[in-house]
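To start, the structure itself, in structure tokens.
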Amino acid sequence: MAEIEKEKIDKTVSLFEDCLPIFTALGDPIRQKLTLEIALASAAGSELNVSSLTAKTKLSRPAVSHHLKILKDSGIIEPVKIGTEIFYRLNILDKTPILKNLISNIEEIASEIQETTE
């Protein structure tokens, strides 16, 4: 069995904990769809509001609002107030470094395990 440094394991556990809100938010198919809809709108230079997302998903406004809150709390999207309405845009770029760091740590551990088993 490979001996992995406790420091490396602890760091990876901490990274998993830091990424948990992202995984939780994106673990739901509805939130995945909402995120993609918001991403497509952001790429086109616009934002979507609850009404437009409700129409795209066929969900109720309260259901869409609930899912948007989870996405917002995880930092994946951000609200933008324009006039009296709130629109949403993608904000995932702030989260990608921590996800990349987690993947890098997992790759290092997997590589160490593979080296010792060959």
Side-chain angles (χ1 to χ4, degrees):
M1 175 104 171
E3 284 292 318
I4 308 298
E5 296 173 23
K6 183 176 176 356
E7 252 179 55
K8 191 174 287 188
I9 296 294
D10 290 345
K11 181 179 179 186
T12 304
V13 168
S14 177
L15 288 168
F16 265 114
E17 290 169 356
D18 292 343
C19 292
L20 187 59
I22 299 166
F23 293 151
T24 300
L26 293 177
D28 182 275
I30 293 169
R31 290 191 288 274
Q32 292 168 11
K33 179 173 177 35
L34 289 171
T35 301
L36 289 173
E37 292 292 347
I38 292 167
L40 290 171
S42 294
S46 64
E47 291 91 20
L48 299 173
N49 61 13
V50 174
S51 296
S52 56
L53 288 165
T54 299
K56 288 179 178 289
T57 61
K58 308 288 189 235
L59 295 171
S60 68
R61 284 181 66 96
V64 169
S65 293
H66 167 75
H67 288 293
L68 289 173
K69 181 182 182 331
I70 293 169
L71 290 169
K72 183 182 74 157
D73 290 349
S74 71
I76 293 171
I77 62 170
E78 66 180 354
V80 178
K81 190 168 184 172
I82 301 174
T84 59
E85 291 190 70
I86 297 177
F87 293 84
Y88 296 89
R89 69 172 159 215
L90 201 59
N91 191 39
I92 193 78
L93 289 179
D94 292 347
K95 301 297 177 186
T96 55
I98 194 163
L99 292 167
K100 288 178 181 177
N101 201 0
L102 174 62
I103 291 167
S104 176
N105 269 39
I106 292 169
E107 286 174 337
E108 285 177 28
I109 291 171
S111 179
E112 287 179 28
I113 292 170
Q114 186 173 0
E115 287 173 9
T116 60
T117 58
E118 291 180 345

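Along the sequence shown, residues are numbered consecutively beginning with 1.
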Steps toward side-chain contact (heavy atoms from CB on, under 4.5 Å) verdict (E17, L20): CA-CA 5 Å; E17 290 169 356; L20 187 59; 5.6 Å; no
Do L59 and T54 come close enough that some side-chain heavy atom pair is under 4.5 Å? no
Please check this pair: side chain of S42 against backbone of R89, looking for a donor-acceptor N/O pair closer than 3.5 Å. no
Do T35 and L26 touch side chain to side chain, with heavy atoms closer than 4.5 Å? yes
Roughly how far, to the nearest 0.5 Å, is the CG atom of L15 from the NZ atom of K100? 14.5 Å
Atom NE2 in H66, atom CD1 in I30: separation rounded to 0.5 Å? 9.0 Å
Verify same cluster id: I76, F16 (apolar side-chain graph, 4.5 Å): yes
Does R31 use its side chain to pair, donor to acceptor, with the backbone of H67 at less than 3.5 Å? no
When you check the gap from the basic side-chain N to the acidic O, do K33 and E37 get nearer than 4.0 Å? yes
Rounded to the nearest 0.5 Å, the CG atom of L48 sits from the CD atom of E85 at a distance of 11.5 Å
Under 4.5 Å between side-chain heavy atoms, hopping through other hydrophobics if needed: is there a path connecting L90 to L68? yes
Taking side chain as C-beta onward, heavy atoms only, is I86 less than 4.5 Å from N49? no
Mind listing the closest non-hydrogen atom pair of P21 and S74 along with its distance? O-CB, 3.5 Å
Within the structure provided, determine whether I38 and F87 are in side-chain contact (heavy-atom separation under 4.5 Å). no
Any ion pair linking E78 and K72 (charged N to carboxylate O, less than 4.0 Å)? no
Just wondering, do T12 and I109 contact through their side chains at under 4.5 Å, heavy atoms? yes
Go through E47 and I82 one step at a time and tell me if the side-chain contact (heavy atoms from CB on, under 4.5 Å) criterion holds. CA-CA 10 Å; E47 291 91 20; I82 301 174; 3.9 Å; yes
Give, for atom CG of L99 and atom CG of D18, the distance between the pair rounded to the nearest 0.5 Å. 10.0 Å
If you measure from CD on E5 to CD on E108, what distance do you get to the nearest 0.5 Å? 9.5 Å
What I'd like to find out is whether the side chain of I77 reaches to under 4.5 Å of the side chain of N91, using heavy atoms alone. no
Around atom NZ of K69, are there more than 12 heavy atoms of other residues, nucleotides or ligands at under 6.0 Å? no
Between N101 and S104, does any side-chain donor sit less than 3.5 Å from a side-chain acceptor? no
When rounded to the nearest 0.5 angstrom, what is the spacing between CG in L71 and CD1 in I92? 9.0 Å
Where do L102 and F23 land on the side-chain contact (heavy atoms from CB on, under 4.5 Å) test, with the steps shown first? CA-CA 12 Å; L102 174 62; F23 293 151; 3.7 Å; yes
Expected output: side-chain S14 to main-chain D10 donor-acceptor under 3.5 Å: no
How far apart are the closest heavy atoms of R61 and S51, and which atoms are they? NH1-OG, 2.6 Å
Side chains of C19 and I98: does their closest heavy-atom pair fall under 4.5 Å? yes
Taking C-beta and beyond as the side chain, do V50 and Y88 meet within less than 4.5 Å on heavy atoms? yes
